[in-house]
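To keep things clear, I will list the structure first and then write my remarks on it.
Bear in mind the structure is a predicted one, so any value in this text is a computation, not a measurement.
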Number of protein chains: 2
Amino acid sequence: MINRSKILASHKKTRGKIAIKSKMPLRNRQDLSIAYTPGVAEVAKEIAKYPAKAYSYTNKGNLVAIVSDGTAVLGLGDVGPEAALPVMEGKALLFKELADVDAVPICINTKDVNEIVKLVKQIEPNFGGINLEDISAPRCFAIEARLKKELKIPVFHDDQHGTAIVVLAGLINAAKVVKKNLKKLKVVVCGAGASGTATTKMLYSYGIKNIVVTDSKGIIYLGRKGLNKYKKELAKITNKKRIKGKLAKALKDADVFIGLSNPKLVTKAMVKSMAKDPIIFALANPVPEIMPQDAKQAGAKVIATGRSDFPNQINNVWGYPGVFKGVFTVGAKQITDKMKIAAAEAVAAYVKKPTNKCFVPDSLDKKIVNVVAQAIIKTYKKK
Amino acid sequence: MINRSKILASHKKTRGKIAIKSKMPLRNRQDLSIAYTPGVAEVAKEIAKYPAKAYSYTNKGNLVAIVSDGTAVLGLGDVGPEAALPVMEGKALLFKELADVDAVPICINTKDVNEIVKLVKQIEPNFGGINLEDISAPRCFAIEARLKKELKIPVFHDDQHGTAIVVLAGLINAAKVVKKNLKKLKVVVCGAGASGTATTKMLYSYGIKNIVVTDSKGIIYLGRKGLNKYKKELAKITNKKRIKGKLAKALKDADVFIGLSNPKLVTKAMVKSMAKDPIIFALANPVPEIMPQDAKQAGAKVIATGRSDFPNQINNVWGYPGVFKGVFTVGAKQITDKMKIAAAEAVAAYVKKPTNKCFVPDSLDKKIVNVVAQAIIKTYKKK
């Protein structure tokens, strides 16, 4: 773990992580009359006539709003919009450094679904795409669904779909490492929030049908009391045998643990109870469900976390920069399921010979962005 | 006038005028674990505990939202939020280049006062200040008043107060050029929108009591039918003799014409009817109320426009960058009338020997920003 005071000092030194950069010179009056008055009136008139030209004459077509209400920030929970700011700035930094996509945090102080949808619609003119971030479930599902329907620009909830893409990519390669048939794996997804729900759905639609999902109350099964409509949907496609009980019961004989929940939920004993050569993705941030050394001691064959300071980081950073780069390149108005699966397969295929020491790309490998962008572009052109 | 196709081509070449810039390095996993997970969790926790620390650990304290609904863009009127984008990007470019203040356009597609106020409150956490821009009167007055009261960060409607600052600065020096007593000038303000209203109020509070304001219906006087509450307020402090009629009548024997209205409203004959050595500020953009050569031929002694491609440009660019720089430097939560007057006096005093050829600063003189910022800072410290 990096030193806390060093982290704070780094942020204080630069007062955050992103700033504005000029793209047009401003050396003299002529420059000023082009960039601002009177010249800019010509640009305004042109866009008033043809609104789509905002994509040519302004930064709209390369600009993402990272929208969060601060209710589910990392593993910290509801810390509020101000505390979400450094996280969203970090995301914007990664968008810029990895994909040359511009992004600005829009951290908002309302948690009301209707208000959030209305606000994003009201600010839509500025942006080429919306990246929803760290909004707690189940509100995030309703917000995303409505925005996808009501906006003219692509909407992507990274906690859901970004996570689903990179987990599927990681699992494709982990199955190769342990030489098991991917589609026959018995998978336990721990966490039925944004990322757990979307990951489960993506694995299922990819052909992995033997999945059990757990939440804070234990195993989800059809008929369990108090399931909201999103968990009911999960119950319909998972846990066919309707087993009941806690996480420990779900893990018995499972091939894969995918943790998208809370720190320290998994014990060595649970790992030992799994099938041969267990695959452990302990992705809770910043503290994983089980520490890698403990998982290893308990016999895990392939281990990943969500942390930059451990090996085999499964990181959304492979996903969203390339997704938006691809989408912006072709001007796609939706990010489809086919695009997401194509992105996952492309990330997996990028690691030529996956081993348990290294089965996923390095988080800062800048080539991944283009790998994903190309997958998105190809899928878009095929439609 | 600059060539239209050159203006459009310049904007297309760079796809707009601003982008995002990184302030923190991202060279390796250690950098990533500081800027993003897991390290950033420490910053989020710190701000969750002490929200004011967002000013130290994020870009909030240097970031302005340029909020517009696109209803009064330049002199073009209600062109909508997309068409407002290139103008707001231009403004952001100037903020950056002149004051190193970061600003992002927030062009919104609602014109409802309550909705706009609510939206700005909802996005407040991201920003250190709000610059309202190109929102039509009289809605802009209500929006600004409510935001000043309801937000914890400074709010500045540049069309109002930025214009008032630079017009007062220009007029202080123009009076010196024609050797007339500033406070005894007979002033006609043409236009009772955002800028005309605020300018009139500022001139009045500065001691210039002989002012007549005109709008599209002619001279404003107490008792004129159909005046809204803002124009009624103007009527109370102007036109003591309650003269009635059109602009031409108001201009007879006037010392100063301040045009903040529409193109081509003023004829040579009107200028000829003014008092000796008329001062003409024809500030409509992009086309002034009277072209400078016509005003000169008709005998105007001091002439200014709002355009970068004519001499003596009276430009808001002297105002807002330094105002926000000053306010951000000291962490002021309000931009007060005293600060605005101090800014105007500082800009005027910066031109050591005003002449009719040059009585205002060059728009791109980067020293003006600090002159204004220092005036703001001094005034803040005096309080």
Side-chain angles (χ1 to χ4, degrees), chain A residues 2 4 7 10-12 14 16-24 26 29 32-44 47-48 51 54 56-59 73-74 76 79 81-83 85-87 89-90 93 96-97 102 104-105 107-110 119 122 125-126 285-286 307-309, chain B residues 2 4 7 10-12 14 16-24 26 29 32-44 47-48 51 54 56-59 73-74 76 79 81-83 85-87 89-90 93 96-97 102 104-105 107-110 119 122 125-126 285-286 307-309:
Chain A
I2 311 116
R4 177 176 173 277
I7 296 163
S10 290
H11 282 76
K12 195 165 190 172
T14 50
K17 288 170 283 206
I18 54 163
I20 295 297
K21 180 176 75 175
S22 308
K23 289 201 291 191
M24 214 183 258
L26 200 68
R29 274 167 176 253
L32 183 59
S33 21
I34 291 171
Y36 204 57
T37 55
V40 74
E42 297 299 328
V43 188
I47 297 175
S56 304
Y57 296 133
T58 78
N59 199 38
V73 176
L74 308 176
L76 303 173
V79 293
E82 280 88 0
L85 259 183
V87 183
E89 281 195 357
L93 178 74
K96 187 67 194 178
E97 289 292 308
D102 298 314
V104 291
C107 296
I108 55 183
N109 53 23
T110 173
L119 181 143
Q122 286 169 340
N126 306 278
N285 254 327
R307 284 176 57 150
S308 331
D309 51 351
Chain B
I2 311 115
R4 178 175 172 277
I7 295 162
S10 290
H11 282 76
K12 196 165 187 169
T14 49
K17 288 171 284 208
I18 54 162
I20 295 297
K21 181 175 75 175
S22 308
K23 290 202 289 190
M24 213 183 259
L26 201 68
R29 274 168 177 252
L32 182 59
S33 20
I34 291 171
Y36 205 59
T37 55
V40 74
E42 295 301 327
V43 188
I47 298 176
S56 305
Y57 297 133
T58 77
N59 198 40
V73 176
L74 308 176
L76 303 173
V79 293
E82 281 87 359
L85 259 183
V87 182
E89 281 194 358
L93 177 74
K96 187 67 194 178
E97 288 293 307
D102 298 313
V104 291
C107 296
I108 54 182
N109 52 24
T110 174
L119 181 144
Q122 285 169 341
N126 307 277
N285 255 325
R307 283 175 57 151
S308 331
D309 51 351

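In this structure, the portion of A/K96 lying under 4.5 Å from any heavy atom of chain B is its side chain and not its backbone. Of the two parts of A/I34, the backbone and the side chain both hold a non-hydrogen atom closer than 4.5 Å to a non-hydrogen atom of chain B. Residue contact with chain A, scored on non-hydrogen atoms closer than 4.5 Å, involves the side chain of B/N285 exclusively.
Considering OG1 of B/T37 and CG of A/L74, their distance stands at 7.0 Å, rounded to 0.5 Å. Here A/L32 contributes atom CG and B/R307 contributes atom CZ; the two are 12.0 Å apart, rounded to the nearest 0.5 Å. To the nearest 0.5 Å, atoms CG (A/L26) and NZ (B/K17) are separated by 10.0 Å.
For the options B/I18, B/I108, B/V79, heavy-atom pairs under 4.5 Å to chain A are most numerous at B/I18. Put simply, of A/V104, A/V73, A/T110, the one with the most heavy-atom pairs under 4.5 Å next to chain B is A/T110. By number of non-hydrogen pairs under 4.5 angstrom with chain B, the leading residue of A/S56, A/P81, A/A48 is A/S56. Among A/S10, A/A35, A/A54, the residue making the largest number of heavy-atom pairs under 4.5 Å with chain B is A/A35.
Scanning all heavy atoms of the two residues, the minimum distance from B/I7 to A/V43 falls at CG2-CG2, 3.6 Å. Of all heavy-atom pairs between A/P125 and B/L85, the closest is O-CD1, 3.5 Å. Annotation for B/T58 and A/E89: closest pair CB-OE2, 3.4 Å, computed over non-hydrogen atoms. Scanning all heavy atoms of the two residues, the minimum distance from B/V87 to A/A44 falls at CG2-CB, 4.2 Å. The shortest heavy-atom contact between B/M24 and A/T14 is CE-OG1, 3.9 Å. The two atoms that bring A/S22 and B/E97 nearest to each other are OG-OE2, 2.6 Å, heavy atoms only.
Remark: A/E82 pairs with no residue by the side-chain hydrogen bond (donor to acceptor under 3.5 Å, both in side chains) rule, at least two apart or across chains. Partners of B/K23 by side-chain hydrogen bond (donor to acceptor under 3.5 Å, both in side chains), not counting sequence neighbours, listed by chain and number: B/N59.
Between A/H11 and B/V40, some side-chain heavy-atom pair lies under the 4.5 Å cut-off.
A donor-acceptor pair under 3.5 Å links the side-chain atoms of A/N126 to the main chain of B/C107, judged by distance alone.
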